[in-house]
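Let me give you the structure first, and then I'll get to my questions.
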Amino acid sequence: MNKLAPSLPESLVTDEALYLNRRQLIKGATAISALSLMPAKRAAAAQRQPLNYQRAESNLDLTPEKKVTTYNNFYEFGTDKADPAKHAQALKTKPWQVAISGEAEITGSFNLEDILKWNPLEERIYRLRCVEAWSMVIPWIGFSLGDMLKRFKPTSKAKYVVFKTLHDPAQMPGQRNRWAGGGINYPYVEGLTIAEAMHPLTLMAVGLYGKTLPPQNGAPIRLVVPWKYGFKSIKSIVSIHFSERRPRTTWHDLAPNEYGFFANVNPSVAHPRWSQASERIIGSGGIFSQKRRDTELYNGYGEQVASLYSGIKENHFF
Amino acid sequence: MPQLITTKPQLWALKLVIHGACLLPAIWLFYLAAIDDLGADPVKELIHFYGIGAVHCLFATLLVSPLSRWRKTPLLMRCRRMLGLYVAFYATFHILCFLVFEWQLQWIDVIDEVIRRPYITVGFIAWLVLMALTTTSLKLIQRKMGARWVQLHSLVYPAFALVLLHFYWSQKSPWNDALLYALAGTLLLYSKRKQLLAWVRLVK
Ligand code: HEM
């Protein structure tokens, strides 16, 4: 264990001088001329800032950072897993706002910089189990979603929490073109029950491997729900809505028989086209050092989360 | 319009190019996958590459006879068998990668997948047909089988359709490249409708 993160909120995100300068330029009167400089920067990989956070320890084998940041399902940037790392680098993540709406006492639009001041950052090392039967172990950095949501004082009518990804076809080629975007109806929407959202394991991540998120992993802020299939962990969030009714969610809408609303990791419920009983581990090494593991119910987090589903049998499965 | 090739040396050169075009990428990508330099998931990468490679060879195989008729270049037909064998080569490596690297030789699980997942069942049937065509591709066998050889080898068309179905079905989202391949495949089959109808009548 390392020292606790210092409580100075401004130091949570250590901006590099150059970046600051550019931001101030954009804010200022010369915004237009500054923006016109952007294309030259396009090809360069997005700069990730180091974060201050409380470290975690884990006996899980981490997936190498390079694989975590080059193997992504983020159809807004193309359907191939290598596409997001190629096409997302110019994603503009500053300034970034998250709109809070629906059944809560406090609603409105909040700057990410302010949201970051509310809670100290901590590392969480979670296994991410994709519905495609592979898994990674990723050292996320973030804070409990529940701690964030409590501030808005959700009312008793808030039964579900609905999240949306940025919808910006100018920046996201997959939203401009059906072929590039895999035929998904954008914006991407995901949802949790309020109990799931408030669960201490549910994380709002802003970084991984010690630095801010790269765009392909859902910069600047994303959800991580470790006991559910990866598609529930929505990326680049711009809206959080408290709802009385269960929302329509993206993959569930596209193929209701293949992707459930709950999508809890469950080895005994096969996807119609493949088994979920075991998973391939995306780790280091080439084809001769591959490993599989048996998939665990709730991705191994059953002890903490099974109680969420006592009494709702059907949901627990799908 | 001039013939594409007219002499034996030109045929040999063409064959050499086809061998190179088919073998070198297959070996190179396998090497990259072995040293973990083929993306984050070299296993899927190889499965996809060999799968698509098989489809490309299959299209090439089926285009040989129309091309040689159109350009009046009968010598081209001498390339068809080797292209067909490369279809089997790629398809077999595709399946071996699935069995050995993805499933770590867990035979029971693989058999379970072949039976339970319709898109894999379809791929497996296509592969059985390709194997039947491969093992009867020797000139000697061809001569012995006579008309029955043509009947048997016309199974390449239904196998082609099954492969395209398997391809489309394997994709996670409904809009994908496999649709374009299916469209091209439909056009190809349509252009061969006379042969196909003749074959259907023969089988009946
Ligand atoms: C027992 C036989 C077969 C098995 C077990 C099999 C297995 C698979 C699997 C698991 C995938 C999907 C990979 C993924 O998760 O993305 C796939 C895709 C594919 N297969 Fe097969 N396959 C078989 C036969 C064939 C044959 C005979 C061909 C062609 C001649 C073929 C061509 C393809 C193609 C083109 C794809 C799509 C690759 C891509 O998305 O880039 N398969 N196959």
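Below, chain A is the first sequence line, B the second, and so on; all start at residue 1.
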Q.
Is A:Asn73 in contact with chain B via its backbone, its side chain, both, or neither, using a 4.5 Å heavy-atom distance?
A.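 The answer is the side chain of A:Asn73.
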Q | Student check: side-chain heavy atoms of B:Glu45 and A:Ile287 closer than 4.5 Å | A |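 Counting from C-beta outward, B:Glu45 and A:Ile287 never come under 4.5 Å.
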Q: With the side chain counted from C-beta on, respond yes when B:Arg116 and A:Ser275 share a heavy-atom pair under 4.5 Å apart, and no when they do not.
A: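 Result no, sub-4.5 Å side-chain heavy-atom pair not found.
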(Q) Does atom CZ (A:Arg293) have a neighbourhood of more than 12 heavy atoms from anything else shown, all under 6.0 Å? (A)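 Yes, the 6.0 Å shell around CZ holds more than 12 heavy atoms from other groups.
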Q) Closest heavy-atom contact between A:Tyr71 and B:Ala40? A)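 Answer, listing the atom of A:Tyr71 first, then B:Ala40: CB-CB, 3.4 Å.
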**Q.** Residues, nucleotides or ligands: over 12 heavy atoms within 6.0 Å of B:Ile108 CD1
**A.**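 Result for CD1/B:Ile108: open.
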Q: Examine whether an atom of A:Pro64 lies under 4.5 Å from a heavy atom of chain B, and if so say whether it belongs to the side chain, the backbone or both; otherwise answer neither.
A: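 For A:Pro64, there is no contact with chain B at all, as no heavy atom is under 4.5 Å.
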Q) Above 12 or not: heavy atoms from other molecules or residues under 6.0 Å from CZ of B:Arg81? A)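 Check passes, neighbour count above 12.
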**Q.** Max heavy-atom pair count under 4.5 Å with chain B, selected residue of A:Glu132, A:Lys81, A:His271
**A.**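 The option with the most such pairs is A:Glu132.
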(Q) For the backbone of B:Arg117 and the side chain of A:Arg273, can you confirm whether one donor and one acceptor N or O come within less than 3.5 Å of each other? (A)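 Here the side-chain-to-backbone pair does not exist.
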Q. Relative to chain A, which segment of B:Leu46 carries a heavy atom at a distance below 4.5 Å: side chain, backbone, both, or neither?
A.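 The side chain, not the backbone.
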Q: Give the C-alpha distance, both sets of side-chain angles, the deciding distance and a yes or no for side-chain contact (heavy atoms from CB on, under 4.5 Å) between B:Gln171 and A:Thr79.
A: CA-CA 10 Å; B:Gln171 306 292 309; A:Thr79 55; over 6 Å; no
Q: Go through the steps for A:Ile282 and B:Lys44 under the test side-chain contact (heavy atoms from CB on, under 4.5 Å), then give the verdict.
A: CA-CA 11 Å; A:Ile282 306 292; B:Lys44 271 279 143 56; over 6 Å; no
Q.
Please check if the number of heavy atoms outside A:Phe288 that lie under 6.0 Å from its CZ is greater than 12.
A.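 Buried by this count: over 12 neighbours within 6.0 Å.
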Q) By a 4.5 Å heavy-atom criterion (distance strictly below it), what part of A:Arg178 contacts chain B: side chain, backbone, both, or neither? A)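 Both parts, backbone and side chain.
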Q | Flag if over 12 foreign heavy atoms under 6.0 Å of CG, A:Asp61 | A |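 At most 12 heavy atoms, drawn from other residues, nucleotides or ligands, come within 6.0 Å of this atom.
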Q | Minimum side-chain heavy-atom gap B:Ser170-A:Trp274 below 4.5 Å | A |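 No, too far: nothing below the 4.5 Å cut-off.
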Q. From A:Arg292 CZ over to B:Asp109 CG, what is the distance, rounded to the nearest 0.5 angstrom?
A.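 The CZ atom of A:Arg292 sits 7.0 Å away from the CG atom of B:Asp109.
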Q: Report, as yes or no, whether the 6.0 Å neighbourhood of atom CZ on B:Phe93 holds more than 12 heavy atoms from other residues, nucleotides or ligands.
A: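 No, not enclosed.
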Q. In terms of heavy-atom proximity below 4.5 Å to chain A, should B:Tyr119 be classed as side chain, backbone, both, or neither?
A.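 For B:Tyr119, side-chain heavy atoms alone lie under 4.5 Å from chain A.
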Q: With a 4.5 angstrom heavy-atom cut-off, could you sort out which part of A:Thr63 is near chain B: side chain, backbone, both or neither?
A: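 Contact with chain B: none, neither part.
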Q | Gap separating the CD atom of A:Gln290 from the CH2 atom of B:Trp103, nearest 0.5 angstrom | A |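 With rounding to 0.5 Å, CD (A:Gln290) is 13.5 Å from CH2 (B:Trp103).
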Q) Any idea which heavy atoms bring A:Trp179 and B:Asn176 closest together, and the distance? A)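 In this case the closest contact between A:Trp179 and B:Asn176 is CZ3-O, 2.9 Å.
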Q.
Quick check on A:Arg248: does its CZ atom have over 12 non-hydrogen neighbours (other residues, nucleotides or ligands) under 6.0 Å away?
A.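 No.
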Q.
Tell me the closest heavy-atom pair linking B:Pro42 and A:Gly285, and the distance in Å.
A.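 Where B:Pro42 meets A:Gly285 most closely, the heavy atoms are CG-O, 4.4 Å.
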Q | Contacting moiety of A:Trp251, where chain B heavy atoms sit under 4.5 Å | A |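 Contact with chain B involves the side chain of A:Trp251 alone.
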(Q) What's the separation between atom CE in A:Met136 and atom CG in B:Asp41, rounded to the nearest 0.5 Å? (A)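 The CG atom of B:Asp41 is 8.0 Å from CE of A:Met136, to the nearest 0.5 Å.
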